[in-house]
Asks: 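The structure's right below; bear with me while I get my questions together.
Just so it is clear: chains get the letters A, B, ... in the order the sequence lines come, proteins before strands, and each one is counted from 1. All values reported here derive from a predicted model rather than from experimental measurement.
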2 protein chains.
Amino acid sequence: MTRAAKADPHTDPDHVSDHTLRDLAGYNLRRTSQIVQADLAKTLEPLGLRMITFAALVLIVDNAGVRQTRLANALAIERSNLVLIVDDLEQRGLIQRTQVPTDRRAYALVPTDAGRDMYARALNAVHAHEAALLNNFEASEIATLISLLKRVEAPRA
Amino acid sequence: MTRAAKADPHTDPDHVSDHTLRDLAGYNLRRTSQIVQADLAKTLEPLGLRMITFAALVLIVDNAGVRQTRLANALAIERSNLVLIVDDLEQRGLIQRTQVPTDRRAYALVPTDAGRDMYARALNAVHAHEAALLNNFEASEIATLISLLKRVEAPRA
DNA sequence: TCTAGATTGTTATGATCTATAACAGTAATG
DNA sequence: CATTACTGTTATAGATCATAACAATCTAGA
């Protein structure tokens, strides 16, 4: 960095003002989400998990026997895109596709012991990540943030 | 819909519990952001604008003469990816690439009258969209949400 | 029961988005 | 003046996502 950045935006002629965008909830949501997702991806990378793969594993452990279509709905992704995610989890021995006696089309997804182990480790890593990310937040503020986010999403659920 | 959805998740054997994920700020951020962005895209589509193109136009109108590198930084995207966005805005007559007398490498991006017009229309549409999206929120709650989002993002700025 | 329609998982595919590397032209620095 | 850095650009590859189509299977109505 050869050219020093000026500290005060009011005296810096090169400063780009984005107040119009920053007054929009949608823009702040986008920017904040991008940063947090990128950060979270780095947290899960050492475990060999992507964000969506982690989420799928969590739901399979918490809902042993769930089918792929319902899992895709819960994750808000397309069935077709879930296939490779489940393939990945299965090939790594974290879950199994087991047959459903009453419906030969469907698979019941169940975690293996290794899957439950990975679940615990990944969740610890993510919790630690969130604690670091939100270290200047009160617990009540985090609760407020999550609550507000859910309320934005809720009417469309 | 041939199979009726049960109302109470506690009595619905097919319900997928996602409470573990829903306790994570990052997951709620991701889900909420996805929904809002998709919705916002629909709002801007009739104007022929994508979310990122809209954001670029706003910054160019609010910062007439800004250069592409600074604009890319402000938008948190790569310079190379901004090129096509600026191309699009220019080809539609909303902005102009004008020469910078003191630096023949750089372009100063300035809005045209049509660009300022589009800015006003698009901003109205987005404001209306946000009002509808957040119609069950108090103004103070929206302010709180935006403030919390900025604070999550801030330490990394 | 039989048949038409719906559902499940899957594959293939195209659109979009993003990051990276490399380049020519130009500016800044010592 | 020579080296280094910066600007906009192009090309490219990876990731993400939605859509369409398919075979196998189930469901529901005649």
Asks: Would a 4.5 Å heavy-atom cut-off, applied to side chains only, mark T20(A) and Y119(B) as touching?
Replies: yes

Asks: Measure the distance from OH on Y107(B) to C1' on dA24(C) and round it to the nearest whole Å.
Replies: 12 Å

Asks: Between T69(A) and R79(B), name the one whose nearest nucleotide on DNA chain C is closer to the 5' end.
Replies: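 Final value for this comparison: T69(A).
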
Asks: Report each atom pair, protein N/O against N/O of nucleotides 14-19 of chain D, whose distance is under 3.5 angstrom.
Replies:
residue	atom	partner	partner atom	Å
dT16(D)	OP2	R50(A)	NH1	2.4
dA18(D)	N7	N81(A)	ND2	3.0
dA18(D)	N6	N81(A)	OD1	3.4
dT19(D)	O4	S80(A)	OG	2.7

Asks: Would you say that T32(A) contacts K150(B) through its side chain, given a criterion of any heavy-atom pair below 4.5 Å between the two side chains?
Replies: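 No, too far: nothing below the 4.5 Å cut-off.
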
Asks: Over its full length, what angle do the end axes of the helix from dT1(C)-dA30(D) to dG30(C)-dC1(D) make, each axis taken from five pairs and the result rounded to 10 degrees?
Replies: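 End-to-end axis angle for the helix from dT1(C)-dA30(D) to dG30(C)-dC1(D): 20°, rounded to 10°.
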
Asks: Please list all pairs meeting salt bridge (charged side-chain N to carboxylate O under 4.0 Å, His left out) that have one or both residues in residues 82-95 of chain B, counting only residues at least two apart or in different chains.
Replies: D87(B)-R97(B), E90(B)-R97(B)

Asks: List, one per line, each side-chain donor-acceptor pair under 3.5 Å for residues 106-117 of chain A, sequence neighbours excluded.
Replies:
residue	atom	partner	partner atom	Å
T112(A)	OG1	G93(A)	O	2.6
T112(A)	OG1	L94(A)	O	3.1
T112(A)	OG1	A114(A)	N	3.4
T112(A)	OG1	G115(A)	N	3.0
D113(A)	OD1	R116(A)	NH2	3.0

Asks: My understanding is that only residues two or more places apart in sequence, or in another chain, count here; which of them pass salt bridge (Lys or Arg N to Asp or Glu O under 4.0 Å) with D62(A)?
Replies: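 Partners of D62(A) under the salt bridge (Lys or Arg N to Asp or Glu O under 4.0 Å) test: none.
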
Asks: Which pairs pass salt bridge (charged side-chain N to carboxylate O under 4.0 Å, His left out) with one or both residues in residues 126-147 of chain A, sequence neighbours excluded?
Replies: E141(A)-R151(B)

Asks: Measure the distance from CZ on R67(B) to P on dA5(D) and round it to the nearest whole Å.
Replies: 19 Å

Asks: Under 3.5 Å, is there any donor-acceptor pair linking the side chain of R105(B) to the base of dC6(D)?
Replies: yes

Asks: Using the test side-chain contact (heavy atoms from CB on, under 4.5 Å), find all partners of I77(A) that sit at least two apart in sequence or belong to another chain.
Replies: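 Listed in chain order: I52(A), A72(A), L75(A), L82(A), I85(A).
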
Asks: With sequence neighbours left out, which residue pairs that include part of residues 18-36 of chain B fulfil the salt bridge (charged side-chain N to carboxylate O under 4.0 Å, His left out) condition?
Replies: E153(A)-R22(B), E153(A)-R31(B), D18(B)-R22(B)

Asks: If a pair satisfies salt bridge (charged side-chain N to carboxylate O under 4.0 Å, His left out) and one of its residues is in residues 73-82 of chain A, list it, with sequence neighbours excluded.
Replies: none

Asks: Rounded to whole angstrom units, what separation is found between the CD1 atom of I85(B) and the C1' atom of dT18(C)?
Replies: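 Atom CD1 in I85(B) sits about 11 Å away from atom C1' in dT18(C).
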
Asks: Atom CG of L71(A) and atom P of dG9(C): how far apart are they, to the nearest Å?
Replies: 9 Å

Asks: Hey, could you give me each pair passing side chain to side chain donor-acceptor pair (under 3.5 Å) that has a residue in residues 43-58 of chain A? Not counting sequence neighbours.
Replies: none

Asks: With N81(A), which residues qualify under side-chain hydrogen bond (donor to acceptor under 3.5 Å, both in side chains), at least two apart?
Replies: none

Asks: Between P on dT12(D) and CG on L84(B), what's the gap in Å once rounded to a whole number?
Replies: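 After rounding, the gap between these two atoms is 14 Å.
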
Asks: Can you list, in residue-number order, the parts of residues 87-104 of chain B that come under 4.0 Å of DNA chain C, counting heavy atoms only?
Replies: D103(B), R104(B)

